[in-house]
Amino acid sequence: MTGAGKGRLRWYDACFADPGEEAAYRQADLDATLLYARIALLLALSLFGLFAAVDLLYGADGRTRLLIARSLICGCFILLLLLTWHPAIRRPDRAVWHSQAAACAIALGFSLLVGLADEPLRGFYVPGILLVVVALFVLLRLTLPEIAWIAVPLVCIYDAVWLQVWIMPEEFGAFVVMQFYLFAAVIVGGFSNYAIAHHRRVTHAAAGGLRAQAAHLQQALQQAAMARQQAEYASRAKSDFIAHMSHELRTPLNAVIGFGQVLEGEVYGPLGGDKYREYARHIHESGQHLLSLINDILDLSKVEAGQFELHRELIDIAAAMRAASLLVSGLTYKRQVKLRLAVPPELPLLQADERALKQIFVNLLSNAAKFSPAGGEVLFTAEVQPRAVAFIIADTGPGMDAEQVARALVPFGQASGHIAEATRGTGLGLPLAQRFTDLHGGTLVIDSRPGQGTRVTVTLPLN
């Protein structure tokens, strides 16, 4: 049966239509209310026992038989109370029998007292039958059919005792009025029983649904945690592999670069032709490019693996800006792009990692020079802010839209466009600059629009 079918209630007794669901509810309800059942039996025992004082005061000649009857009733309550500790009562079907036995003891005991009592004591029991009827329906954890076959015969027995033993012909009107109250008590008690049973089972079904959802969410969280652990392990494995391969590649590559420099400089004599010198220059330039790429990959891997450590020191901002501009001067000359360095006077000292800061500047300036057309301009300046300094690099290139900016910040991502495709790059400069900025506790903001160039602002805290 589906979840919705399991939670469906029968209309005539407000019980679950599914037997298994009803059994589960009764077991849970029994475990939760066994203590209250014991308290209810103890209260019934106490009330029946305390009313013995009324028998002694108003029982007249019949007090002896009333005390005997009350003793028998109290004995039944004591037995029922002791049975609540028996293991068999922990079964829902046996618990129903136990509750019905308690209802019978209350009903028959009250009817017996009415039949044995004399005036004026018998009149005291007349209102009590109303409370007994309502209590049978409401207090006992029984369904409407399970309690109705006890409460209704109780009313009939009470009426029979009243008609045969007590009522006088002139009191028939009072008897009719009493029937109205009894009928009202049965209706109110029955409706209350149905409403309470319906509410309890609906609440139980809702709680079961919430528990199922909680279990499903817990399982989903566990799966997500496992997936995250696997992803982190795969990321660490990737970073370790890249770092290892980068180290392995740098050693022979340094040799290639060194031999290329030797050939290009003709250290051991002339090469014998201009083509050889040109090829040696290409070998040197390609080796330098590959070494730069490997260094970027290695730095990015260390940052992503959390193994890159900053070595902070007090840095002269103006000197760092001039050094970075000098490093990219060859590229700007080759691209025929004007680099305008505007260093404000009296810049404060910056506490940062000198190598990482220089890498940020060089990567951003290189990107600006690469994407600026011939005759364009790259502005490199700084602004002192409260407790921070902002470095601004602006170019006159083609600019980017929001999607291209997001792609450019991803490692190995490339902005689309004919200029981007015509320039040489690996897509690591901008992501690496952002990672180094984050390590310094700063922010990197890109303001770019197609056709309006790009402005990158790197803000770093002074302390």
Side-chain angles (χ1 to χ4, degrees), residues 13-16 21-55 66-114 125 127-154 185-186 188-205 207-208 211:
D13 60 356
C15 292
F16 288 108
E21 188 70 14
E22 178 66 19
Y25 162 77
R26 295 217 175 196
Q27 185 63 61
D29 185 68
L30 176 62
D31 294 337
T33 60
L34 185 59
L35 175 62
Y36 299 104
R38 292 168 179 164
I39 294 175
L41 286 172
L42 186 60
L43 289 176
L45 174 62
S46 301
L47 288 175
F48 267 87
L50 290 175
F51 266 87
V54 179
D55 296 340
L66 287 173
L67 292 176
I68 294 174
R70 197 175 292 276
S71 300
L72 293 175
I73 296 170
C74 291
C76 293
F77 283 131
I78 293 174
L79 177 60
L80 291 170
L81 180 61
L82 294 176
L83 284 176
T84 58
W85 278 275
H86 195 278
I89 302 301
R90 297 301 180 93
R91 292 173 47 184
D93 54 342
R94 301 293 176 83
V96 170
W97 298 348
H98 182 270
S99 297
Q100 290 175 333
C104 288
I106 295 173
L108 295 178
F110 195 84
S111 300
L112 180 60
L113 292 177
V114 171
Y125 293 141
I129 187 63
L130 303 177
L131 298 177
V132 170
V133 171
V134 175
L136 291 179
F137 277 108
V138 177
L139 297 182
L140 296 178
R141 306 299 283 265
L142 297 172
T143 63
L144 186 59
E146 290 169 350
I147 196 61
W149 72 270
I150 297 176
V152 174
L154 166 65
V186 171
V188 172
F191 177 78
S192 301
N193 176 278
Y194 187 91
I196 292 173
H198 186 276
H199 174 72
R200 286 171 177 166
R201 283 166 175 80
V202 168
T203 303
H204 173 81
R211 285 192 296 269

**Study point:** Closest heavy-atom pair and its distance - Leu81, Arg38
**Key:** CD1-O, 3.6 Å
Point to revise | Gap between atom CD of Glu21 and atom NE2 of His204 - 0.5 Å precision | key: 4.5 Å
Check your understanding: Could you state the interatomic distance from CD1 (Ile78) to CG (Leu83), rounded to the nearest 0.5 Å?
Key -> 12.0 Å
Check your understanding: In chain order, what residues pass the side chain to side chain contact (heavy atoms under 4.5 Å, CB included) check against His198, with sequence neighbours excluded?
Key -> Leu9, Ala14, Val202
Review point. Does any pair with a residue in residues 40-52 pass side-chain hydrogen bond (donor to acceptor under 3.5 Å, both in side chains), and if so which ones, sequence neighbours excluded?
Key: none
